Structure formats: C-alpha cells, structure tokens
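This is a predicted model, so every value here is computed, not measured. In what follows, every heavy atom counts, from backbone to side chain, and hydrogens, waters and symmetry copies are set aside.
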Amino acid sequence: MVRLILGESTRTLDERFRLTIPPDLAASLAPEGGQCVLAKERPGCLSLWNVALWKARLDSGVQLVESKIEAGRLEGRMEEVQRLGRLLSTRQREVQLAGRGRLVLPEGFREFLGVEPGGETMVVGAAVCVEIWHPERWSNYVGEEMPAFRQLLDRLSS
C-alpha cells in the first residue's frame, strides 16, 4: 500500500550543518537509516528521496534524452542539452541518513537552502519525498498555494 509522506516540523541546523529528520518521515525514506538522495528543488528548498524511487524517476528521463540525441532528434537543441547536463551534474547527491535520522547537508546544498548553523528549517512531507525549507520561503510558498488547496485535492482525487 502506498502511503503519502505527510507532516511538518521545525528543526534547527546545528553548527556542523546536521539536521535531524523526524523519525516518521525518515522511516519512509530509508528504513533503518541508509542512503537517500538529496536534491535541489528551488532556492530555499531541498528534497530528500528514497534512492530507488529517485533513480527510477530520473533514469527514465535521462534514457529518453540519450535516445533522442542518438536518433538525432535534438539537433539544434544542444544548448538545452548542455543546460540539462549542467543542472543534472549539480542537482542531486546521495547522502547518508545516519542514526536517529540525522543528515549532514553537503556544501553547495547549504548555500542553496540559505540557512546558517543555528538557524531553523521546516521539514515537510511532500507526498513522495521529504522537503527541507528555509522558513521564510516555506511561509511564502504556503501562502501562495493554500488558496488553491481544495481545487487541487478535488482534481487529484476525482
């Protein structure tokens, strides 16, 4: 049975850029701890994924692009392909979800999130992954999106 990953918690980033993911959210990503994929989503937001789910999702898209290049269907669009390659090169990284759901944010991801040591983060269940938000960015996002909640739920559940 598929269960949506839901929940919202405030967490503090410690002086070594460690963050503790709530146990119920951590268990949905990597039972018994283990590897996860950390991805840059938008400035002020990182996502944490189950490795198998992330790889399946990403690999199918990358294979499609590779087959289009091989077939010559992306001639004249190499600038877009290069842009995609640059973003793929820096977008994600496998990370260890250590005991008690502790995660160390790697350099590059720290800056993208924009939270200094001792600062608060919002850890949010995003149905298929866990997101780590800069609190102000999270507040803005919720403020913009909440008015459309009912329509979104109706559309996805009908």
Would you check, one step at a time, whether the test side chain to side chain donor-acceptor pair (under 3.5 Å) holds for Trp138 with Glu131?
CA-CA 10 Å; Trp138 173 242; Glu131 292 180 338; over 6 Å; no

Check for a donor-acceptor pair, side chain of Thr121 on one end and backbone N or O of Arg11 on the other, with a separation under 3.5 Å.
yes

Dump the intermediate steps for salt bridge (Lys or Arg N to Asp or Glu O under 4.0 Å) on Lys68 and Glu75, then the final yes or no.
CA-CA 9 Å; Lys68 284 183 175 187; Glu75 290 298 321; over 6 Å; no

Residues forming a side-chain hydrogen bond (donor to acceptor under 3.5 Å, both in side chains) with Trp54, sequence neighbours excluded:
none

Modelled atom types, side-chain donor and acceptor of Ser47 and Glu41, under 3.5 Å:
yes

Rounding to 0.5 Å, atoms CD (Glu66) and CG (Leu74) come to a distance of 11.0 Å

Pair Lys40 + Glu111, salt bridge at N-O below 4.0 Å:
no

Let me confirm one number: the CG-CD1 distance from Leu29 to Ile5, rounded to the nearest 0.5 Å.
5.0 Å

Spatial distance of atom CG (Leu19) from atom CD (Glu120) [nearest 0.5 Å]
11.5 Å

What do you reckon, is CD of Glu15 surrounded by more than 12 foreign heavy atoms closer than 6.0 Å?
yes

Excluding sequence neighbours, so at least two apart, what forms side-chain hydrogen bond (donor to acceptor under 3.5 Å, both in side chains) with Asp14?
Arg18

Nearest atoms (heavy-atom pairs only) where Val37 meets Glu94:
CG2-CG, 4.0 Å

If we ignore angles and hydrogens, is there a donor and acceptor under 3.5 Å between the side chains of Trp49 and Gln92?
no

Test item: Val130 and Val124 side chains (from C-beta on) under 4.5 Å apart, heavy atoms:
no

Look at the side chain of Arg93 and the backbone N and O of Leu38, then say whether any donor-acceptor pair between them is shorter than 3.5 Å.
no

Separation between CG (Asn140) and CD (Glu145), nearest 0.5 Å, reads 11.5 Å

Nearest-0.5 Å distance that lies between atom OG in Ser60 and atom NZ in Lys55
13.0 Å

Does any non-hydrogen side-chain atom of Pro106 lie less than 4.5 Å from one of Val95?
yes

Hey, does Leu103 have a side-chain heavy atom less than 4.5 Å from the side chain of Ile132?
yes

Please enumerate all residues that pass side-chain contact (heavy atoms from CB on, under 4.5 Å) together with Pro43, with sequence neighbours excluded.
Phe112, Arg137

Strictly below 4.0 Å, N to O, side chains only: are Glu80 and Arg77 in salt-bridge contact?
yes

Give a yes or no on whether the backbone of Leu87 and the side-chain of Thr90 come within a donor-acceptor separation of less than 3.5 Å.
no

Using modelled atom types and a 3.5 Å cut-off, is there a donor and acceptor pairing between side-chain atoms of Ser139 and backbone atoms of Pro135?
no

Taking the side chain as every heavy atom from C-beta outward, state whether Leu48 and Val123 have any atom pair closer than 4.5 Å.
no

Which atom of Val128 lies closest to which atom of Leu53, heavy atoms considered
O-CD2, 3.6 Å

Search all heavy atoms of Pro147 against all heavy atoms of Gly143 and return the closest pair with its distance.
CD-O, 3.5 Å

At their closest point, which heavy atom of Leu113 faces which heavy atom of Cys45, and how far apart are they?
CD1-N, 4.2 Å

Would you compute the distance between atom CG of Leu25 and atom CD of Glu8 and round it to the nearest 0.5 angstrom?
10.5 Å

Do other residues, nucleotides or ligands put more than 12 heavy atoms under 6.0 Å from Arg83 CZ?
no

On a heavy-atom basis, which atom in Leu97 and which in Cys36 lie closest, and how many Å separate them?
CD2-SG, 3.9 Å

Minimal heavy-atom distance between Gly101 and Ala26, with the atoms involved, is CA-CB, 4.2 Å

State, with a plain yes or no, whether a side-chain heavy atom of Thr10 is found less than 4.5 Å away from one of Met122.
yes

